[in-house]
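First the proteins, then the strands, lettered A, B, ... as listed; each starts at 1.
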Amino acid sequence: MDKKNKSGSGFAGWFAKTSDTNLLLTITITVFFLMYIGAIVFQGKGFLKAQTFFNILNANAALIITSVGLSIVMICGGIDISVGGVVALVSMSCAVYLDFHDGNIFGAIMIAVGIGLAFGVVQGLLVAYLDIQPFIVTLAGMFFARGMTTIVHTAPFNVKNEAFVELKDTRVVVPGFGSVNRLGNYVNAYVEIGVLVAILVVIVFFVVLRWTRLGRGFYAVGGNSQSALMLGINVRRTKFMSHLICGLLAGIAGFVYFLHVGSGSASHASGMEMNAIASSIIGGTLLTGGVGNVIGTLFGVLSLSTIQNIVSSAGLGQAWWTGITIAGMLCLFLVIQSVVMVNKKKLLAK
Amino acid sequence: MKSKFVFNKQLLIPLAAIVALAIFNLIMDPSFFKITLGTNSAGHPVLSGYLITILDYGSELAILAIGMTLVTAASGGQDISVGANIAIVGSVILRVLCGTNSRPETLQAPIIVAFLVACVVAMLFGAFNGILVAYFNIQPMVATLILFTAGRSIAAWINNNELPIINEPSFGYFGGYIPGIAIPTPVFITIICVIVIMLVLKFTTLGLYTQSVGINEKSSRLNGINPQMIKFMTFVILGLCVAVAGLIKVSRLSTINYSVIAKDIEMDAILAVALGGNALSGGKFNMAASILGAYVIQFLTTTLYKMQVNSEALSAYKAVVVIILVVLSAPIVRDKLKKFMEKFKKKEVA
């Protein structure tokens, strides 16, 4: 019986044999499709339109980018909760630069990347080279970023810079997915520029995590930093790089977010760190490190935003339901992870 | 063990911080230390002055620091949901006192009943965190992230997003002044809490068990301690602390604002524990140092307010202080400093 299990017949064998990453990825993708089908069945045809799906992407491009960064940090065994604050700081700084200092778009992008890199470098140094708990460092980072946002500018305002508004309103038409509206006209389906950036980021980091030395290093350090050290991996440098990448991606996400909303405000992206962590966890990134996949993260973001859409279209419009559902979903997936991993260990130990 | 109340090394850190802040204020403006006996609008005598403000407003923080120290010691992580939990507690208290009417002429229930209900609710939420941490083995900060997101939403939901206001003056005693007594009531409440926890630590094994679980979970298990139970209990105790702090918080205003009440207090509470020289990774703790740490934070906050720092921007300054503190207390930095000091001494001798 035991031997049969290990040699892989039946569900239990598959369960024990599949790698952790694939197992959690399967769960996530299944949940997403079940949820989307559920939405189509219960919420009517709105969810059948391609544009509904593209709108989810449009609204969540920044979240996808931050979640990819967070997944990398989490795979490496750390965590970064400063991303929401960084996004807010970037969008406020870019807004002030564009409107009050007559800046150009290139400069704004440089500011975004610079702020992101600065946070990544400082936090990475503190975590990797001074051995301080990542949660404390990035909690301080979050409060620092939020505080700095109000110091940069207090009142929220819309950006009127012409070049920027033009870029913001650029629509990339997706051929073949349009639909006929109520008047009988054909309407093209579109995505915003941010979505293209997000997809590019997902592809790049999928490749990095799977086929590069650095990417494999993240998994090794997150899985067991002791044995990674014995294998000759520079553990400190790897940890530092994970925070650096996360900070950089938070900066890029900040610009994408800014491109989507077109305004600066201290309350922007509040709770984004939470959504990003939730997406990563739902996407199968293990909190203890060593397990995860950016494709899973992408599906994590999609699941999260689909459920938000369902909640709001089901008439539970009050603001509090969103918070409660996300927390509920996060809780559910955390417990699933914990239970699945414990059971798997038992199966393997047999 | 003997040195719990006696002056010891760990108390040096917060004491040094207090002295530094006091000197800073003395140079900036000596009137900081003036205490005057005046009368309030109802004609009762009250003490006023910045020092009284620190003692008064530091109360919630000191009470939270008690619970946070225990949680930190046992589980090596911190509870970041305390602020959200205070919002829930406040909401429950107002709900019980006001019933369905949000502007009642008379209280619908005795205050003590409302407080007891709030205690039960807070302990239940503490238990929820405790179960996730102790029995599902989720990192404390991530497990409490669930309530951190959902908490304020739940608080708004309990009162249907209305903002009840209580006109009954006796409700204001807990956060203000009891007529005839010139010292703010929260100070007395804090003193009671501190005495209770000191007695508990002196006469029960709670302190010893918490530390042993924090230092080495496996070996304390082999010695017949149930580590899961201890961790769970610390979270429930923190729940109780949250209930007391929540009562003071709502009593100050006699109303509630769900998104603002006790905002960022989790950061301050963690900071208090860190300032007390307690390792944030668990293990040994010094309760007196944590409580003193809480007052240091309040001292810092009051000083910043006096220097007319915008309350929104306050978090940026505090974050810098946190980073400096954790960097100085990091083992690597400490070792380097020690070596440097030794070299320095040698040179002096030579």
* To do: List in chain and number order the residues that pass salt bridge (charged side-chain N to carboxylate O under 4.0 Å, His left out) with Lys284(B), two or more places apart in sequence or in another chain; answer none if no residue qualifies.
  => none

* Structure fact -> OG (Ser315(B)) and CG (Leu139(A)) are apart, to the nearest 0.5 Å, by 10.5 Å

* To do: Among Leu126(A), Val137(A), Leu125(A), find the one that has a side chain to side chain contact (heavy atoms under 4.5 Å, CB included) with Val327(B).
  => Leu126(A)

* To do: Could you pull out the closest heavy-atom pair between Gly76(B) and Gln133(A), with the gap in Å?
  => O-NE2, 4.1 Å

* Answer with side chain, backbone, both or neither: which region of Tyr135(B) has an atom nearer than 4.5 Å to a non-hydrogen atom of chain A? => neither

* Working to the nearest 0.5 Å, report the span between CZ of Phe148(B) and CD1 of Ile81(A). => 7.0 Å

* Asked: Near Phe100(A) CZ, under 6.0 Å, is it more than 12 heavy atoms from other residues, nucleotides or ligands?
  -> yes

* To do: Name the region of Ile277(A), side chain, backbone, both or neither, that has any atom closer than 4.5 Å to a heavy atom of chain B.
  => side chain

Without placing hydrogens or testing angles, list every side-chain donor-acceptor pair under 3.5 Å for residues 136-146 of chain B, not counting sequence neighbours.
| from | atom 1 | to | atom 2 | distance (Å) |
| --- | --- | --- | --- | --- |
| Gln139(B) | NE2 | Leu287(A) | O | 3.3 |
| Thr144(B) | OG1 | Ile80(B) | N | 3.2 |
| Thr144(B) | OG1 | Pro140(B) | O | 2.8 |
| Thr144(B) | OG1 | Met141(B) | O | 3.3 |

* To do: Any chance you could measure Phe144(A), atom CZ, to Lys318(B), atom NZ, to the nearest 0.5 Å?
  => 15.0 Å

* Asked: Do you know which of Ile151(A), Ile79(A), Thr154(A) has the most heavy-atom pairs under 4.5 Å to chain B?
  -> Ile151(A)

* Asked: If you take all heavy atoms of Ala140(A) and Ala319(B), which pair is closest and at what distance?
  -> O-CB, 3.2 Å

* **Contact check, side chains of Val335(A) and Leu132(B), non-hydrogen atoms, under 4.5 Å** => yes

* Around Tyr258(B), counting heavy atoms of other residues, nucleotides and ligands shown, do more than 12 lie under 6.0 Å from its OH? -> yes

* Asked: Considering residues, nucleotides and ligands other than Arg236(A), do more than 12 of their heavy atoms fall under 6.0 Å from its CZ?
  -> yes

* Asked: Distance from Leu271(B) atom CG to Phe143(A) atom CZ, nearest 0.5 Å?
  -> 10.0 Å

